[in-house]
Amino acid sequence: MTDTVTTPSPSDATAPAHRYNADLAAVIEQRWQQRWEREGTFEAPNPAGPMAEPDKVAGRPKLYVLDMFPYPSGSGLHVGHPLGYIATDVFGRFKRMTGYNVLHALGYDAFGLPAEQYAVQTGTHPRVTTEANIANMRRQLGRLGLAHDPRRSVATTDLEFYKWTQWIFLQVYNSWYDEALQKARPIAELIAAYESGDRLTPTRAAWSSLSQSEQDALVDGLRLAYISQAPVNWCPGLGTVLANEEVTADGRSERGNYPVHKRNLRQWMMRITAYSERLIADLDRLSWPEPIKLMQRNWIGRSEGAKVRFALAGSTDEVEVFTTRPDTLFGATYLVLAPEHPLLDTLVPGAWPAADLPASWTGGAATPGEAVAAYQRLASSKSDVERQVDSRDKTGVFTGAYAVNPVDGRALPVFAADYVLMGYGTGAIMAVPAEDERDYAFAEAFSLPVIRTVAPPADFTGGAYTGVGPAINSGFLDGYTMPETKRLMTEWLVERGLGEATVTFKLRDWLFSRQRYWGEPFPIVYDENNRALALPDHMLPVELPDVDDYSPKTFAPDDFTSAPEPPLGRAQDWVNVTLDLGDGPKPYRRETNTMPQWAGSCWYELRYLDPTNTERFVDADVERYWMGPTSETHIGGVDLYVGGAEHAVLHLLYSRFWHKVLFDLGHVSSGEPFHGLVNQGYIQAAAFLDARGIHVPADQVEERDGRFLYEGEPVTREYGKMGKSLKNAVTPDDMFAEYGADTLRIYEMSMGPLEVSRPWETRAVVGSYRFLQRVWRMVVDEETGAVRVSDDAPSDELNRLLHKTIDGVRTDFADLKFNTSVAKLIELTNAVTKTGAPAPRVVAEAVVLMLAPLAPHTAEELWSRLGHPQTLTYQAFPVADAALLVEDTVTCVVQVGGKVRDRIEVPVGISEAELLDLALATPGAQRAVEGQSIRTTIVRPPRLVNIVLV
RNA sequence: GCGAGAGUGGCGGAAUGGCAGACGCGCUGGACUUAGGAUCCAGUGUCUUCGGACGUGAGGGUUCAAGUCCCUCCUCUCGCACCA
């Protein structure tokens, strides 16, 4: 393709001296960026604190517009990265011109795997590479002229930032979730309740009678941040454990694509599950795209159902199952426990209950104990990938035990099978093959009975029937509908103490520790008894120590016997400390895990508000001003948050959780972090593959007669995300050199709707460039550089178009429809050009002001040349004259049989009868009707007449 | 398999149920030029007997009127994937 960037030809002898080109754009852009910085043009006033400017806050509406902040990666930006930043900038600039106090800033998400991996690759300390990367990104983004408040650009790696990340961690750690009040409360209140007896210990023993470790165990078991020994995602290739959200569906790490295996490890967890109900319910109060809400709902996975307890034959033990279909209890023909279910240790009898059991049930083992143990070994050896591949083939083994169906006393064989997951519900199910496809498949494989309890429709062909229908074979439930049977059966169970209605969630607690160097240290130490202790606030921050060897300890990707080794464990001088935690100086060991990258991004939007505050993470008044609820029904949060959809169940879920904890503890007034959300699309680009299927540099591919050639050889085209791996990246620096930043901004905004992904095409950028050249020429004489607008009033026609454009552009900006706003401005500019006369000043000034959010440097320059010394940042955006939006005459379409046959210019106030007469008389209508009889006419004055023939 | 979204010229894309293709790229022709890969102007859905006919993934339907609403199907993208 001829996407190669060519150098402009400023030395062109014949080009006018004052034409708008890349060189002139560069001069203008630099001039205005320096002036904006010098004058602090985009510094947003706070209502309180060091950035307080009460007189600027008073009487103005506010807008908090936010971008998902970037990782400062080493490879620099391509033109896809700034799409969202430009969009929020245009919106923010527009809102400033309509009187809003706008907060817009950009920081850096600088901890985490990418930064660390880059540092390891280059053999340089992550702090050095991170700072260099941030500097490079600041330079690239700086050239775009984004209207950010530079004072608020924080990085998560700043000591003054992660001090507060650690502080928030301690807030979470020192909290528990009060189920009765449905909110987080300080741990101190829990202990006080135990001490006073207001809250009973599980064993009903007096609090004071418990030992220190018993008290710790009880309290730690309720903390919102806690240490657990549980199966977690261990990734030897990365040398760290990962959260569920960071593992792909085929059991690999999202970063690096290494295999991940479940392993029992001692790790920090966050009790996000406590908030499941509120995280689902409050989605309804957010202005988010429905697909993202749906993804969160699905991820949290709320299911209403019942717990049912089955007695085990010949035992006092019972099996508790969760089911969403208590109505089908009469159809339960067996039970299944997950292979990891603890009851398997006790319920398995010493011998098979019968001699003639099928081999599929026993697995050929001599005793149930052997059979179950063998199956457990098999199941635990399976990786998630294998479990995935085998997902349709049902495997399992009979435990030798029987349970009793409480509704009719039937004996139900109890199986262990890996299609039941320990982590969901109770890790045990009642199997109803007639009404569940998985149970049906298992029943087929193990020759288990099928009892239908829901009458299927006549055309039903067999297998499991999961639809609705009247109950059959169900004793006292027969004939009732499904909702009724669910309710009646649950009531029946509750009356007999056999079960109760319950709600279950798919969401699991959040694995919060990583075996990495480049992250926030935990503000936790361990005493000689290995008791975890939170550091007091005044000991924060716990500074990340400088070490020589910061690389992670990684292993062969499939070496699942390996165990994580945090790099900080090697910094023994740092790990072993003597501290006075209130009872005199004592030796302690520091926690050597670090926090995941998500930690900083869980609250950075709060720090932008008050970045220099040393007393609090954010001043309460400042937070309330920018993010507080604006009405009874408004829950609060950032007004507009723009970023990619890939964070739907990661960052956007974690940050909601932290924010709700802060809200419960009274630290913020907003109940949600992000009230408005828009997902921008990705910029894709053509990539080219040679005969071997290897990507070749896209900028060196030529197009000839519809075929693509690289070094003379044919290559095939595909489309993908822009980037290094597809060798199709186009950098903003190239665009700055060729056209200037304003052209790039206009082009990115005009390509299509913000939410939609679209392919980049370098050769199309010139269209935006030409548009800016035309606007420039409208104000500046290309030959002399003199301003060439006239003081004449615009023609009536032009004036009407101007006001129509103002009206449309305003609406489009407000709705983030930047592509159509650009089109409208081009139309108006072309109309002015077409008159051939100098532009009337009122029109030129309005065009410049409307252009300002999109192409701020060019607009500022023209505004200044038009004689306005002040920046136009706070100049009022043009307002349409409503009187001019109503036209005197309009074009009326004359249809015959729904097809357009003619057009007539008519006054807007024309009557139905008059319009119909005019329409019938048109040549087009005459021709089309021609002797045929008219059945009816539809007249919609003044725009349409439809003549319907018989 | 389940869920969500999308299919409009050569390309990116516009169209409160009421003139399909705004605007841009590309292409064609012209102007200015030593030159054009600069800039400007004009044209550009397909077919046409110049009346018009056809045209928004396919097929039905509702309507005076459908890109838009309803039904069936096809294709693509994204998300989830034994969650009982």
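The sequence lines fix the lettering, A, B, ..., with proteins before strands; numbering per chain opens at 1.
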Can you tell me which nucleotide in [options] comes closest to the side chain of [X]?
X      : options             : result
A/V420 : B/A84, B/A38, B/G18 : B/A84
A/Y769 : B/U39, B/C11, B/A84 : B/U39
A/K394 : B/C82, B/A20, B/A84 : B/C82
A/T324 : B/A84, B/G79, B/C64 : B/A84
A/E827 : B/U39, B/C41, B/C23 : B/C23
A/Q773 : B/G13, B/C25, B/U39 : B/U39

Is any N or O donor-acceptor pair between the side chain of [X] and the base of [N] shorter than 3.5 Å?
X      : N     : answer
A/K824 : B/C23 : no
A/R903 : B/C19 : yes
A/R927 : B/G51 : no

Please give the nucleotide sitting opposite [N] as a Watson-Crick or G-U wobble pair, both distances under 3.5 Å, or none.
N     : result
B/A42 : B/U28
B/U34 : none
B/G3  : B/C78

Same-atom distance ([atom1]) from [N] to [M], integer angstrom:
N     : M     : atom1 : value
B/C69 : B/U56 : C1'   : 16 Å
B/U33 : B/C25 : P     : 24 Å
B/C2  : B/G9  : C1'   : 36 Å
B/G51 : B/A31 : P     : 31 Å
B/G57 : B/U68 : C1'   : 16 Å
B/G21 : B/G55 : P     : 16 Å
B/C54 : B/C70 : P     : 26 Å
B/A38 : B/G12 : C1'   : 24 Å

Compute whether any side-chain donor of one residue and acceptor of the other, for [X] and [Y], lie under 3.5 angstrom apart.
X      : Y      : answer
A/T504 : A/Y424 : no
A/S750 : A/N819 : no
A/T490 : A/E500 : no
A/T395 : A/Y375 : yes

Please work out if [X] contacts a base, only the sugar-phosphate, or nothing of the nucleic acid, heavy-atom cut-off 4.0 Å.
X      : result
A/L294 : sugar-phosphate
A/K307 : nothing
A/D439 : nothing
A/S303 : sugar-phosphate
A/N298 : nothing
A/R302 : nothing
A/S750 : nothing
A/T820 : sugar-phosphate
A/T833 : sugar-phosphate
A/V948 : sugar-phosphate
A/A764 : sugar-phosphate
A/I826 : sugar-phosphate

Nearest whole Å is fine: how far is [N] [atom2] from [X] [atom1]?
X      : N     : atom1 : atom2 : result
A/K817 : B/U16 : NZ    : P     : 7 Å
A/L24  : B/A38 : CG    : P     : 19 Å
A/M749 : B/C23 : CE    : C1'   : 16 Å
A/R774 : B/C40 : CZ    : P     : 6 Å
A/N830 : B/C23 : CG    : P     : 8 Å
A/L772 : B/G24 : CG    : P     : 13 Å
A/I300 : B/A81 : CD1   : C1'   : 18 Å
A/Y20  : B/C40 : OH    : P     : 14 Å

query: Given the rule in the side-chain contact (heavy atoms from CB on, under 4.5 Å) test, do A/D734 and A/T762 qualify, once you have shown the distances and angles that lead to the verdict?
result: CA-CA 10 Å; A/D734 293 341; A/T762 296; over 6 Å; no
Would you please confirm or rule out a distance under 4.0 Å between OP1 or OP2 of [N] and any side-chain N or O of [X]?
X      : N     : value
A/K834 : B/A42 : yes
A/Y747 : B/G24 : no
A/R901 : B/A53 : yes
A/R763 : B/C11 : no
A/R758 : B/C25 : no
A/R770 : B/U39 : yes

query: Is the base of B/G57 syn or anti, if syn means a glycosidic angle within 90° of 0?
result: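 With its glycosidic angle more than 90° from zero, B/G57 counts as anti.
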- prompt: Would you call B/G21 syn or anti, using the 90° rule around 0?
  reply: anti
message: For the aromatic rings, using the six-membered ring if either is Trp, is the centroid distance between A/Y747 and A/W760 under 6.0 Å?
response: yes
- request: Would you mind telling me which residue lines up with the more 5' stretch of RNA chain B, A/V765 or A/T323, judged by nearest nucleotide?
  value: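 Checking each residue's closest nucleotide, the 5'-ward one belongs to A/V765.
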task: Tell me, please, whether A/F322 has A/K307 positioned over its six-membered ring: NZ or CZ under 6.0 Å from the ring centre and within 45 degrees of its axis?
output: no
message: A cation-pi test, strictly: NZ or CZ of A/K394 under 6.0 Å from the centre of the six-membered ring of A/Y419 and no more than 45 degrees from its axis. Yes or no?
response: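 Positive - A/K394 is close enough to the ring of A/Y419 and near enough to its axis.
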query: Ion pair present between A/E827 and A/K824, side-chain N to carboxylate O less than 4.0 angstrom?
result: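 Looking at A/K824 together with A/E827, the answer is no, because their closest N to O distance does not fall below 4.0 Å.
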